[in-house]
Participant: 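So that we are looking at the same thing, I have put the structure below in structure tokens.
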Amino acid sequence: MSQWGPNISELGLSAPHTLALGTPWLQGRAGLLSERAGGPLDLGVHLGAALPLGSSEALTRDQGFVFSPRLGLGKQLGGTWRVGADVGALVRTKTYSLSSNTQNPRDELGVEVNGGLNVSAALFGLKEELVVRGALPVARSPSSLEVLLGLRAPLGPGAEVYAMGGPGFGQTPGTPLFRVLAGVSFTPEAAPVSRCVEGQPYVLAQCPDLDADGDGVKNVHALRLGSRQLLERCQLVPRHPRRQRRRGRRCAALLARHRLPDRPALRHEG
């Protein structure tokens, strides 16, 4: 990490080192809901723990143990836009002040509640991002806010390069006047989610062991008969109203999957 700031020696404080190792984090995530699996949105939990390997002279290493629980959600809007939000906390087991000789410090480091909103779009072959993050310390420190704009460009399957930058507002310790981030991210390709769930939309040819119209004949056998013969049962309308409703629901889904340009006139079962 590289950092710089004004001369604060006249305040009786020593300036932090300008170049040092940042704090490494060990993190884990678990998904609770997934749009790819048919959920209404993406919902997940996150837990991170800071490893005590930073630099105290550069203020990149906290005193005590530090961990961060978080809850995040996201929603895809069409094929271009995505919105997300998260809320969590940064928990320090030890509360301390950077200016220990001050009677009423405003730079205490302790527990803080934080969260953010983000909007991303996939335009012009890139991914554009807007990120707004805020922090509300429980300790004696003011709140802060950061706004970041970024671009991501694909490098290949599961890899992309990114750059972000934006101003900071507020006086929480660690809030910059302006922050710039850049790097390369790698994401392993997720295994394809099975779409073969009866009662959910699916492609008949990809789900041969299911029974789309509920007639006791598996899709693999019905497909061999051809689309029109497969729909022959749907062209017969039962005389009993309850059977009509049940058959109608099944056949409506079946007809939608096949998207036939025309449909013969219905005739009643004897």
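Position 1 is the first residue of the sequence; numbering continues from there. We use all heavy atoms of the structure for the numbers below, so side chains are in, but hydrogens, waters and symmetry mates are not.
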Participant: Treating Ile, Leu, Val, Met, Phe, Trp and Tyr as nodes and any side-chain heavy-atom pair under 4.5 angstrom as an edge, say whether Leu77 and Val119 lie in one connected cluster.
Facilitator: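 Leu77 and Val119: one cluster.
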
Participant: Out of curiosity, Phe67 CZ to Gln27 CD, how far, rounded to the nearest 0.5 Å?
Facilitator: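 Reported value, rounded in 0.5 Å steps: 14.0 Å.
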
Participant: Provide the closest heavy-atom pair for Asn118 versus Ala85 in the form atom of the first, atom of the second, distance.
Facilitator: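 Nearest pair, atom of Asn118 first, then Ala85: ND2-N, 4.2 Å.
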
Participant: Can you find a pair of side-chain heavy atoms, one from Val147 and one from Leu130, that are under 4.5 Å apart?
Facilitator: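 The answer is yes; the side chains approach within 4.5 Å.
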
Participant: Between Thr93 and Gly64 (side chain of the first, backbone of the second, donor and acceptor by atom type, cut-off under 3.5 Å), is there such a pair?
Facilitator: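 Not at all, since once roles are kept as given, no pair shorter than 3.5 Å links the two residues.
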
Participant: Looking at every non-hydrogen atom in both residues, tell me the closest pair between Ser68 and Leu90 and how far apart they are.
Facilitator: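 For Ser68 versus Leu90, the nearest heavy atoms are CB-CD1, 4.3 Å.
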
Participant: Give, for atom CG of Leu151 and atom CG of Leu126, the distance between the pair rounded to the nearest 0.5 Å.
Facilitator: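 Interatomic distance, Leu151 CG to Leu126 CG, rounded to 0.5 Å: 6.0 Å.
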
Participant: Are Val45 and Leu73 connected, step by step, through hydrophobic side chains (Ile, Leu, Val, Met, Phe, Trp, Tyr) whose heavy atoms are closer than 4.5 Å?
Facilitator: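 Same cluster: Val45 reaches Leu73 through Ile, Leu, Val, Met, Phe, Trp or Tyr contacts under 4.5 Å.
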
Participant: Please check if the number of heavy atoms outside Phe124 that lie under 6.0 Å from its CZ is greater than 12.
Facilitator: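 For Phe124, atom CZ is not crowded (no more than 12 foreign heavy atoms under 6.0 Å).
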
Participant: Please give me the minimum heavy-atom distance between Ala50 and Phe65, naming the atom from each residue.
Facilitator: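 That closest heavy-atom pairing would be O-CE1, 4.5 Å.
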
Participant: For Ala135, is there any backbone N or O sitting under 3.5 Å from a side-chain donor or acceptor partner on Ser143?
Facilitator: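 Flag not set: sc Ser143 to bb Ala135 has no pair under 3.5 Å.
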
Participant: With the 4.5 Å side-chain cut-off for hydrophobic clustering, are Trp25 and Leu47 part of the same group?
Facilitator: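 Different hydrophobic clusters.
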
Participant: Measuring from atom CG of Leu41 to atom CZ of Arg82, what distance do you get when rounded to the nearest 0.5 angstrom?
Facilitator: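 These two atoms lie 9.0 Å from each other.
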
Participant: Can you confirm whether the side chains of Arg70 and Asn114 place a donor and an acceptor under 3.5 Å from each other?
Facilitator: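 Judged by distance alone, the side chains do pair up.
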
Participant: If every non-hydrogen atom of Arg179 is compared with every non-hydrogen atom of Leu148, which pair is closest and at what distance?
Facilitator: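 Of all heavy-atom pairs spanning Arg179 and Leu148, the closest is O-CD2, 4.2 Å.
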
Participant: Strictly distance-based, threshold 3.5 Å: is any side-chain N or O of Lys127 a donor or acceptor partner for the main-chain N or O of Pro154?
Facilitator: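 No.
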
Participant: Between the main-chain N or O of Glu108 and the side-chain N or O of Ser97, is there a donor-acceptor pair closer than 3.5 Å?
Facilitator: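 Absent.
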
Participant: So does Leu123 have more than 12 non-hydrogen atoms from other groups sitting under 6.0 Å from CG?
Facilitator: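 For Leu123, atom CG is crowded (more than 12 foreign heavy atoms under 6.0 Å).
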
Participant: If hydrophobic clusters are built by linking Ile, Leu, Val, Met, Phe, Trp and Tyr wherever their side-chain heavy atoms come under 4.5 Å apart, do Phe169 and Leu136 end up in the same one?
Facilitator: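 In one cluster: no.
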
Participant: Can you establish whether the number of heavy atoms outside Glu128 located under 6.0 Å from its atom CD is more than 12?
Facilitator: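 Counting other residues, nucleotides and ligands, CD of Glu128 exceeds 12 neighbours.
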
Participant: Taking NZ, NE, NH1 and NH2 as the nitrogens, is one of them in Asp42 or Arg36 under 4.0 Å from a carboxylate oxygen of the other?
Facilitator: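 Salt bridge between Asp42 and Arg36, a charged N being under 4.0 Å from a carboxylate O: no.
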
Participant: Determine the minimum heavy-atom distance between Tyr162 and Arg152, stating which atoms define it.
Facilitator: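 Of all heavy-atom pairs spanning Tyr162 and Arg152, the closest is CB-CG, 3.5 Å.
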
Participant: Of all the heavy-atom pairs spanning His46 and Gly48, show the shortest one and how long it is.
Facilitator: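 Closest approach of His46 to Gly48, heavy atoms only: CE1-N, 3.7 Å.
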
Participant: Given side chains that start at C-beta, do those of Asp86 and Leu71 come closer than 4.5 Å, heavy atoms only?
Facilitator: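 Result no, sub-4.5 Å side-chain heavy-atom pair not found.
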
Participant: Decide if atom NZ of Lys94 counts as having more than 12 heavy atoms of other residues, nucleotides or ligands within a radius under 6.0 Å.
Facilitator: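 It does not: Lys94 NZ has 12 such atoms or fewer within range.
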
Participant: Using atom types as modelled and distance alone, determine if a side-chain donor or acceptor of Glu35 lies under 3.5 Å from a backbone N or O of Gln76.
Facilitator: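 Confirmed, Glu35 side chain pairs with Gln76 backbone.
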
